Amino acid sequence: MSITAPLKNGYTPRKKGGTDPEHARQGARREEDAASARDARLGNKAIKSQHPPQSHDLQRRLWALHKTMWKITDYDRLRGCHRWIAGGAGAASLRWHEPGRASWSSLCTSSSVWASPLSAAAIGKTRSIEVSTALDTWFKQGKQHSVEFLTLTLAHNKNQELKDVWDTLAYAWRGVVAGASWRGGKRYEGDKARFGIEHWIKSVETTHGANGWHVHLHVLLLLDKELTQDQRGALETNIYRRWSAAAQRRGFKSPNRLRGVKIEKARKDKNAHDLGTYLTKGSIASVAETLAKEMTAGQSSKEGRAENRTPFQILDDIRKSGDMSLKNPDVQIWRAWEKQSMGRRQIAWSKGSKDALAVNAVSDEEAEQQGEETHTTVEVARVEFEEWNRAREDTGEKLRDDLATRGDVVEYVAQAKTPGEAHKRATTILRALKIRYQQEAKPIPAEHAAAVVLPANKDQARELLDAG
């Protein structure tokens, strides 16, 4: 395999076989001169202008949000998320996934669906596919199969801590599905059998407003039959009684009957992908809401409630203000969010549902990696530790911190139609930006490139997060 050799502004492949050293040096100089001339014609401005004006706008705004998180986080693992080279990797890996997609890999990740914009987007993509796959399978398994959309909220106030609200939400959900009135008994039928509920998929969503933290549940109920309107109303009433009783046992007020529990039939014209995306909006659409509301279906009802913000909207308001100090109330809210969301699950499935619906169970760490890569992913270049952490002569900023420059590279490589073209584009853009790199003679399949090092287990991940 050909290994790259250093040049003034980059690296170029060595020739295989018995090439004369002087001839090799002359060839390298000719290639460097040609590249320099090409770079001079290209220029940074020209590089940036080659992609459609809005094609990567959302991604750039997402990076800006992520950089804000670096500046205000209270945790080392979040501070290094998509910034520091992963232990054992030795180099940041520039990868092309498919036309329109490229990324930097082999970096530390927090795999936080709650506090890392980049991790949340990748994890959300995987979770959306999982839910879509499950629903596709469910609809194919029976003609009478249906899906009901359940929303559950608590009555809360600004004096209640996020931890108390979240813990009560989890407790109240167990009150709904863990008792005999749900499961049934020897002498009577519970809601699960009475209404034909075979599986459920639960998602947590959180906003913050004048009344404090609003943590609520969205649940897909997978039924083996179609419900009548009367049956739907009866199920809603039964769930409300258990939900309200459990909340009151924890010292919370009884939730409003109209808003506390709501069941709606999932429309037949809503395909599995739409439902999967909506259910996982706690991770992906809250990012999209912040950056591009028009890309998120069903959010028009929230646009008029500016006082209720998702955590990522709060983060974006911090970015806009430029005030990263603890004197900023929004920074204090964000710090509380980081702490209390730690270790919480965003998506949960009823027992046995993943196996029954042909969905592979993966951790958030694995979900993030799957969300970033495709079956066509290849490595097209590497930037080693020293270069990644070197202060650049023109800006004084290190590449690890310079998301704008990293974005230029990704956008340019992403325009490639084939792995071979991506390989060439990587050479062009890295030379133009005077970034020293290494590159094999041809693209390397992702499975043969340096692996991303993930935490050994969830406990280790939490220990790393707590280190801050």
Side-chain angles (χ1 to χ4, degrees), residues 146-183 190-192 194-195 197 199-223 227-267 275 278-282 285-286 298-311 340-341 344-348 350:
S146 66
V147 175
E148 297 285 335
F149 194 82
L150 168 65
T151 302
L152 298 153
T153 64
L154 294 171
H156 58 92
N157 61 64
K158 62 182 179 181
N159 296 320
Q160 290 167 322
E161 296 290 335
L162 174 58
K163 182 180 185 302
D164 293 337
V165 178
W166 212 322
D167 288 347
T168 298
L169 191 87
Y171 176 82
W173 173 248
R174 290 193 296 272
V176 170
V177 298
S181 34
W182 173 267
R183 298 193 311 267
D191 284 347
K192 188 175 184 295
R194 182 181 301 119
F195 298 103
I197 302 169
H199 312 288
W200 53 258
I201 311 170
K202 174 175 66 76
S203 172
V204 179
E205 185 180 7
T206 306
T207 59
H208 184 275
N211 291 322
W213 291 101
H214 177 50
V215 189
H216 50 286
L217 297 180
H218 295 301
V219 187
L220 294 182
L221 301 175
L222 280 58
L223 285 64
L227 293 185
T228 66
Q229 190 59 38
D230 286 344
Q231 288 173 324
R232 187 173 296 110
L235 176 60
E236 185 176 278
T237 297
N238 291 350
I239 290 177
Y240 174 78
R241 287 172 180 164
R242 298 195 294 274
W243 178 256
S244 177
Q248 290 180 74
R249 287 196 297 272
R250 294 274 299 186
F252 278 62
K253 291 182 179 179
S254 177
N256 180 285
R257 177 62 186 88
L258 294 178
R259 294 194 297 268
V261 175
K262 182 68 176 175
I263 300 178
E264 302 172 273
K265 178 179 175 58
R267 300 198 315 268
L275 288 170
Y278 189 81
L279 189 68
T280 57
K281 72 193 186 77
S286 56
Q299 296 301 319
S300 58
S301 63
K302 288 190 176 181
E303 290 179 7
R305 293 166 26 211
E307 71 278 8
N308 285 341
R309 298 176 295 168
T310 68
Q340 297 303 331
S341 64
R344 307 270 188 177
R345 284 193 299 175
Q346 192 248 338
I347 298 281
S350 57

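By convention here, the first residue in the shown sequence is residue 1. All values reported here derive from a predicted model rather than from experimental measurement.
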Step through the shown structure and confirm whether more than 12 heavy atoms of other residues, nucleotides or ligands are within 6.0 Å of CD on Glu161.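 No, the 6.0 Å shell around CD holds no more than 12 heavy atoms from other groups.
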Got a second to check how far [X]'s [atom1] is from [Y]'s [atom2], nearest 0.5 Å?
X      : Y      : atom1 : atom2 : result
Gln248 : Ser254 : CD    : OG    : 4.5 Å
Arg232 : Thr237 : CZ    : OG1   : 12.5 Å
Glu264 : Glu148 : CD    : CD    : 9.5 Å
Lys253 : Ser244 : NZ    : OG    : 13.0 Å
Phe252 : Leu154 : CZ    : CG    : 6.0 Å
Ser350 : Leu222 : OG    : CG    : 8.0 Å

Does any N or O in the side chain of [X] come within less than 3.5 Å of the main-chain N or O of [Y], such that one atom is a donor and the other an acceptor?
X      : Y      : answer
His216 : Glu205 : yes
Thr153 : Arg259 : yes
Glu236 : Ile263 : yes

For the student: nearest non-hydrogen atoms of [X] and [Y], plus distance:
X      : Y      : answer
Trp243 : Leu169 : CH2-CD1, 3.7 Å
Val177 : Arg183 : O-CG, 4.2 Å
Asp191 : Ile197 : O-CD1, 4.1 Å

Pairwise side-chain contact, [X] with [Y], heavy-atom cut-off 4.5 Å (strictly under):
X      : Y      : answer
Lys265 : Leu227 : no
Phe195 : Leu221 : no
Trp200 : Leu150 : no
Thr151 : His218 : yes
Val215 : Val204 : yes
Val261 : Leu152 : yes
His156 : Trp213 : no
Asp167 : Arg344 : yes

Derivation of the side chain to side chain contact (heavy atoms under 4.5 Å, CB included) call for Thr207 and Thr310: CA-CA 4 Å; Thr207 59; Thr310 68; 4.1 Å; yes
With side chain to side chain contact (heavy atoms under 4.5 Å, CB included) as the test, would you mind laying out the steps for Gln346 and Thr206 before giving the verdict? CA-CA 10 Å; Gln346 192 248 338; Thr206 306; over 6 Å; no
Output, in order, the C-alpha distance, side-chain angles, deciding distance and verdict of side chain to side chain contact (heavy atoms under 4.5 Å, CB included) for Leu258 and Tyr240. CA-CA 10 Å; Leu258 294 178; Tyr240 174 78; over 6 Å; no
Residues which pass salt bridge (charged side-chain N to carboxylate O under 4.0 Å, His left out) with Arg250, listed by chain and number, not counting sequence neighbours: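 By the salt bridge (charged side-chain N to carboxylate O under 4.0 Å, His left out) rule, Arg250 matches no residue at all.
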Please evaluate residues Arg194 and Asn238 with respect to the criterion side chain to side chain contact (heavy atoms under 4.5 Å, CB included), reporting the C-alpha separation (whole Å), side-chain torsions for both, the decisive distance (0.1 Å), and the verdict. CA-CA 12 Å; Arg194 182 181 301 119; Asn238 291 350; 4.0 Å; yes
